Each structure stands twice: as C-alpha cells, then as structure tokens.
Amino acid sequence: MLSALTTAGSLLVGLPAGAWVDRVRGRPVMVGADLVRALVLATIPAAWWAGLLSLRWLYAVALVHGVLTVFFDVVYVSCLPHLVGRGRLVEGNAKLSAIRSVTSIGGPAVAGPLVGWAGTPATLAVSSAGMALSGLLASRIRGREPRPEAG
C-alpha cells in the first residue's frame, strides 16, 4: 500500500502537473517541492519520537511525497534546456541520467547500513536533510528562465 501511494501521484496529478509547470517558472517549483518533501519526510521521525506514528501517517506521507515528486520530476526535465542550452542538451541529459542512476543504486546501498547503525528514524531525518539541501542548492542555480508564454 505504501508503494502504491508513493506512485499514485503520477496517476493523480501527472497530466495536470505537466500543463501547470509549462505556465510557470520551474526553479521555484523545484525548490518548493524539495523543501516541502523534506518537511513531510521529517514528520516521520518526529512522529515516531513523539509516539504518534501510525500506518495512516505513513500513508499520508507517501501520497504527499509522491505528488510532490511528480512536480519536481516534471520541472527538472523541462528546465534543462534553459539551463544548458539546446547545443548541450544531449550532454545535459546524459549527466542527469548518470546522476539519477548513481542515486538509485547508491541511495539504498548507503541507507541500508545507516538504518542498521543509526535506526530508521535517524536515517529518515538524514534523508530529509538531504532533500532540504537539494532544495537550497536548486535555489542557487544561476541562469534566468524565460517567462512562460501566456495562454
């Protein structure tokens, strides 16, 4: 159920997210999605430490995190041409794919031992901090996106 709720965001907001993102500047959406995802993820260890964590809490976090991930994923792909230019788009996409592959493999490889050493709540707190750092770094991206066309 948790896995289904995490991916439900694509079904619920996938198409509207793409249409909406085309009408706004992407960087604020990326930054906002990362920061809110960090906050939402941080509620899990906070709820655990407060003795409030429940399966419903986890379901809600999975759904909200999944929806925000859809917005982030749609934006970062559409921002790339503005950041690197059309002439370097193939190289930019290759680098993004390489980074995504490394994090897909490396994330679980690091998280497993970290859970064993520090526990799940602490590992989720570290993950939340990493997501917040991602949002802060995304806010520092140089280059100005063109104003989206009205329509």
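Quantities reported herein were computed from a predicted structural model and do not represent experimental measurements.
- The side-chain hydrogen bond (donor to acceptor under 3.5 Å, both in side chains) pairs that include a residue from residues 39-63 are Thr43-Trp57, where partners are two or more places apart or lie in different chains.
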Would you be so kind as to tabulate the donor-acceptor pairs closer than 3.5 Å made by side chains of residues 122-134, with sequence neighbours excluded?
| from | atom 1 | to | atom 2 | distance (Å) |
| --- | --- | --- | --- | --- |
| Thr123 | OG1 | Leu114 | O | 3.4 |
| Thr123 | OG1 | Val115 | N | 3.3 |
| Thr123 | OG1 | Gly119 | O | 2.8 |
| Ser128 | OG | Ala38 | O | 2.5 |
| Ser134 | OG | Asp34 | OD2 | 2.5 |

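- Distance check: Asp73 CG to Met30 CE gives 11.0 Å after rounding to the nearest 0.5 Å.
- Two different hydrophobic clusters hold Val29 and Leu39 under the rule that ILVMFWY side chains link at heavy-atom gaps under 4.5 Å.
- In the hydrophobic clustering of ILVMFWY residues, with side-chain heavy atoms under 4.5 Å counting as a link, Val24 and Val36 come out together.
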Give the table of side-chain donor-acceptor pairs shorter than 3.5 Å for residues 88-101, with sequence neighbours excluded, one pair per line with atom names and distance.
| from | atom 1 | to | atom 2 | distance (Å) |
| --- | --- | --- | --- | --- |
| Glu91 | OE2 | Lys95 | NZ | 2.9 |
| Asn93 | ND2 | Leu89 | O | 3.4 |
| Ser97 | OG | Asn93 | O | 3.1 |
| Arg100 | NH1 | Tyr76 | OH | 2.8 |
| Ser101 | OG | Ser97 | O | 3.0 |

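- For the atom pair CG of Leu53 and CG of Leu58, the computed distance is 4.5 Å after rounding to the nearest 0.5 Å.
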What pairs of donor and acceptor atoms, side-chain ones from residues 6-21 against any protein atom, are under 3.5 angstrom apart with sequence neighbours left out?
| from | atom 1 | to | atom 2 | distance (Å) |
| --- | --- | --- | --- | --- |
| Thr6 | OG1 | Leu2 | O | 2.9 |
| Thr7 | OG1 | Ser3 | O | 3.3 |
| Thr7 | OG1 | Ala4 | O | 3.2 |

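- Taking CZ of Phe72 as the start and NE2 of His65 as the end, the distance is 10.5 Å to the nearest 0.5 Å.
- Through chains of ILVMFWY side-chain contacts below 4.5 Å, Val31 is grouped with Leu35.
- For residues 104-120, there are no side-chain hydrogen bond (donor to acceptor under 3.5 Å, both in side chains) pairs, not counting sequence neighbours.
- Contact record, Pro113 with Pro108: CD-O, 4.5 Å, taken as the closest heavy-atom pair.
- Leu137 and Val102 are not part of a single hydrophobic cluster, where members link through side-chain heavy atoms under 4.5 Å apart.
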